[in-house]
Amino acid sequence: MQAYLETLIKSRLEQLGWKAPHIQLSRPKNADNGDWASNVAMILARELKKAPLQIAEELMEGMELDPHIVEKYEIVKPGFINFFQSTNYLTDELERVLELREDFGKNTIGKGKTAQVEFVSANPTGPLTVGHGRQTVLGDTLASILTSSGYDVTREYYFNNAGRQMRLLGESLKARYLQLKGSQTVLPDGGYEGLYLLDVAQKLLDEQPELSANTDVSIFKDYAEKSIFAIIKNSLERIGVVHDVFYNERSLYKDGKIEEVLGLLRDKDLIYEKDGATWFKTSELGVDQDRVLVKSSGEPTYRLPDIAYHREKVARGFDMVVDVFGADHIDAYPDVLSALKVMGLKHDHIHVVIHQFVTLVRSGEVVKMSTRKANFVTLDELIDEVGADVVRYFYIMRSASSHLNFDLDLAKRQTEENPVFYLQYAHARISSIFRRAKERGLKVDTSRADLALLDEEFTVALINETLAFPEVIERCLTTLEVHHLPNYLFELATALHKFYTEYKVIDLDQPDVSKARLALLDAVQVTLRNGLRILGITAPDQM
RNA sequence: GCUCCGGUAGCUCAGCUGGAUAGAGCAACGGAUUUCUAAUCCGUAGGUCACAGGUUCGAGUCCUGUCCGGAGUACCA
């Protein structure tokens, strides 16, 4: 419908020799204003120096509208052109939904293209926290949106296992291990205090009781990395997230990629030595100051491997790259991108999605989170308390650029007024109706239903809501903001519940109407299920 | 100081590239169940869209400035 009107208006503009601005077609909030509306006449008013109403008249005069699609149009006050879709159009589209089924909502924007989504990327120094959870769900859902748009998607987890952090982790584990053996060893300065390390230490002690203070730290480091990664992967699995690639920082060193980047930047004269460290002249690239790439200790800062990693991403030839980062990385990625730029590499296909922090509230108090301190809430604990479906929904119901207030007490309490259950109930409710229909001998035979019977107010509203699904997916894709999807599904559920209370679906006195309504519900359920699948939330048939 | 994000109903937040009367959930109050699941629906109340200017037919949305909250500004990641 949207596309149809757009091309129609565009060609008419050309006919008249008017310069086509961005044609805007929107769904008016008020049903009196039609199903679709365009402001094109008002936009043109300035340039043509004519009254918008007159422009609209001239525009519409020679327009040939297919009565099968558009029933009528109106030109109203400031200069809107309102289009009213025909019932035929609605039922045709509904039939299409029922043919497409699990493919309804998909588009082909990314057909034949590859995409990579990097997300989570937490270093294996501790269990995933509630903070990581947001990024996890955000990235996974974005990846699903891309898949629905035809992209061949790689979900990737990049982790840093070569730096100072991991050394500290090894030392921390060693201290814990020795403590278990009765030694008074203290944790290193800035070490990891989390109790999970004690568990890891206990396991190590059980497996290898012979280690001592003389044992090389690397033994402890590797063991810690392996153990903690197992914990992380288990958490990811619990909320249905599976990465295709775990990209290891250490490999960048092994393959000489770190050195290559330094060499390339040096060729551009953007590297210099000062105070024993190696600096990147970011001040020449629009940043307020230069950054250190290699510390005086000889260890690179996170920036350097990040640049090398992104160079690899470019080399791997993805058509689209999405990086999902927390707000604490806001300062790092511009350096990475400008480094790619000066190395002459493609970079405008890289999209960075920054999400704001999750503020955790427990008993009315804000919980400060730090992986190194012991007082953090893990993603696992959250899943234990509220369930994976609720966790997933809550994390993406808000836009990424907004701070997310996660009230733990509320989330735990929530079992009844929860939007997740509201949504799932809509799905289950339809299943229930289908079961009952079957009992009464009514077949859900969508191909034989006379959809033209679906013309009541709330029915049409429900159909319209259903048909909006593909637009929502597209919007998520173009904006890379996935919160539109849960919001939409909530509205669809509302439309369904309203329809349900208003009309009786199973009515043996009106078998034709019943059949048509069952077909409609089939389409609604297909849509709900498709949407929930993208969100990674289960669609129960019974609650 | 500078950079980025946010400030919309009591609370948590939507509001698509500027469009028609600013919405939802929760909380409050009042209703609906001889019925396909009431985990539902309907109604009432609740607003200076932080503030001040500007741009134009039209601003919650764009521009400038101010205030408030958060993040960053590290030889941490």
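Chain letters run A, B, ... following the sequence lines, proteins first and then strands; every chain starts at 1. Note that this is a predicted model, so its numbers are computed, not measured.
With both ends at atom C1', the span from B:U33 to B:A38 equals 7 Å, rounded to whole Å. Nucleotides B:G6 and B:C49 have their C1' atoms positioned 14 Å apart, rounded to a whole Å. Remark: the separation of the P atoms in B:G47 and B:U8 is 14 Å, to the nearest Å. For the P atoms, the distance from B:U56 to B:U61 is 16 Å, rounded to whole Å. Atom P of B:U64 sits at a distance of 25 Å from the matching atom of B:A71, rounded to the whole Å. The separation of B:G53 from B:C11, taken at their P atoms, amounts to 26 Å, rounded to a whole angstrom. A gap of 22 Å separates the C1' atoms of B:A39 and B:C29, to the nearest Å. Across B:G18 and B:G31, the matching P atoms stand 46 Å from one another, rounded to whole Å.
Under the side-chain contact (heavy atoms from CB on, under 4.5 Å) criterion, A:E259 pairs with A:L262, sequence neighbours left out. Not a single ring-ring contact (aromatic ring centres under 6.0 Å, His included) links A:Y333 to another residue, sequence neighbours left out. Partners of A:H347 under the ring-ring contact (aromatic ring centres under 6.0 Å, His included) rule, at least two apart in sequence or in another chain, do not exist in this structure. Residues passing the ring-ring contact (aromatic ring centres under 6.0 Å, His included) test with A:Y488, sequence neighbours excluded: A:F469. Listed by chain and residue number, A:Y157, A:F159, A:F246 satisfy the ring-ring contact (aromatic ring centres under 6.0 Å, His included) test with A:F229 (two or more places apart in sequence, or in another chain). For A:L53, the side-chain contact (heavy atoms from CB on, under 4.5 Å) partners two or more places apart in sequence, or in a different chain, are A:I75. Residues that satisfy the side-chain contact (heavy atoms from CB on, under 4.5 Å) test with A:E481, not counting sequence neighbours, are A:T479, A:H483, A:H484.
Among the heavy atoms of the strands lying under 4.0 Å from A:T301 are primed sugar atoms or P, OP1, OP2 only; no base atom is included. If you check every strand for non-hydrogen atoms under 4.0 Å, A:D335 touches nothing. A:A37 comes within 4.0 angstrom of a nucleotide base, judged by non-hydrogen atoms across all strands. Here A:A277 lies in heavy-atom contact (under 4.0 Å) with a base. At a threshold of 4.0 angstrom between heavy atoms, the contacts of A:F458 with the nucleic acid are absent. Base engagement by A:H329 is indicated by at least one non-hydrogen atom pair under 4.0 Å involving a base atom. Residue A:N487 is classed as a sugar-phosphate contact, given heavy-atom separations below 4.0 Å to backbone atoms only. Looking at heavy-atom distances under 4.0 Å, A:D275 makes contact with a base.
In the interface, the side chain of A:S296 is paired with the base of B:C75 through a donor and an acceptor atom under 3.5 Å apart. Side chain A:N39 to base B:A20: no donor-acceptor pair is found below 3.5 Å.
Side-chain atoms of A:N160 and A:Q165 include no donor-acceptor pair closer than 3.5 Å. Using a 3.5 Å distance cut-off with no hydrogens or angles, the side chains of A:E156 and A:Y309 do pair a donor with an acceptor. Residues A:S121 and A:Y247 have side chains that never bring a donor and an acceptor to within less than 3.5 angstrom of each other. Judged by distance alone, the side chains of A:D290 and A:Y272 do bring a donor and an acceptor atom under 3.5 Å apart.
Two residues, A:S432 and A:V292, neighbour RNA chain B, and the one matched to the more 5' nucleotide by heavy-atom proximity is A:S432. Mapping A:W279 and A:M42 onto RNA chain B via the closest heavy atom, the residue that lands nearer the 5' end is A:M42.
For the OP1/OP2 pair of B:U40 and a distance below 4.0 Å, the side-chain nitrogens and oxygens of A:K498 include no atom meeting the criterion. Contact annotation: A:H483 does not reach the phosphate of B:C13 (side-chain N/O to OP1 or OP2, under 4.0 Å). For the pair A:S26 and B:G19, the criterion of a side-chain N or O lying under 4.0 Å from OP1 or OP2 is not met. Look at A:R303 and you won't find any side-chain N or O under 4.0 angstrom from OP1 or OP2 of B:C75. Phosphate contact (OP1/OP2 of B:C76, side-chain N/O of A:K295, threshold under 4.0 Å): present. For A:Q289 and B:A74, the shortest distance from a side-chain N or O to OP1 or OP2 is below 4.0 Å.
In this structure, of B:C41, B:A39, B:A77, it is B:A77 that holds the atom nearest to the side chain of A:N123. Distances from the side chain of A:D328 to the nucleotides B:U40, B:G72, B:C36 place B:G72 closest. For A:F421, the side-chain atoms get nearest to B:A39 when compared with the rest of B:C36, B:A39, B:C75. Nearest nucleotide to the side chain of A:S399, out of B:A14, B:A39, B:U40: B:A14. Set against B:G19, B:U73, B:A38, the side chain of A:Y500 has B:A38 as its closest nucleotide.
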Each base of RNA chain B marked ( ) or [ ] if paired in-strand (Watson-Crick or G-U under 3.5 Å), | if paired to another strand and . if unpaired gives (((((((..((((.....[...)))).(((((.......))))).....(((((..]....))))))))))))....
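By the 5.5 Å and 30° criteria, A:F80 is stacked with the base of B:A20.
A:E249 places a side-chain N or O within donor-acceptor distance of the main-chain N or O of A:A162, the cut-off being under 3.5 Å. A donor-acceptor pair under 3.5 Å is formed between the side chain of A:H355 and the backbone N or O of A:F325. Between the side chain of A:H427 and the backbone N or O of A:P540 there is at least one donor-acceptor pair closer than 3.5 Å.
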Salt bridge (charged side-chain N to carboxylate O under 4.0 Å, His left out) between A:E465 and A:K498: does it pass, once the steps are laid out?
-> CA-CA 12 Å; A:E465 199 66 50; A:K498 261 184 198 170; over 6 Å; no
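A side chain to side chain donor-acceptor pair (under 3.5 Å) with A:N161 is found for exactly one of A:D222, A:N123, A:N248, A:T125, namely A:N248.
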Table of protein N/O atoms under 3.5 Å from nucleotides 3-10 of chain B N/O atoms:
{"from": "B:C5", "atom 1": "O2'", "to": "A:S401", "atom 2": "O", "distance (Å)": "2.3"}

Would you list the protein and nucleotides 21-26 of chain B atom pairs, both N or O, that sit under 3.5 Å from each other?
{"from": "B:U21", "atom 1": "O4", "to": "A:N30", "atom 2": "ND2", "distance (Å)": "3.1"}

Identify the pairs formed between an N or O of the protein and an N or O of nucleotides 28-31 of chain B at a distance under 3.5 Å, and give each distance.
none

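Counting non-hydrogen atoms of neighbouring residues, nucleotides and ligands closer than 6.0 angstrom, the NZ atom of A:K438 reaches no more than 12 such neighbours.
Between A:K504 atom NZ and B:U34 atom C1' the separation is 12 Å, expressed in whole Å.
Using a 4.0 Å cut-off between charged side-chain N and carboxylate O, A:D507 and A:R517 make no salt bridge.
Taking a 4.0 Å limit (strictly below) on heavy-atom distances, residues 463-482 of chain A reaches RNA chain B at A:R475.
A cation-pi contact, defined as under 6.0 Å to the ring centre and within 45° of the axis, links A:R429 to A:Y500.
Shown here for A:A277 and A:S296, the closest heavy-atom pair between the two residues is CB-N, 4.0 Å.
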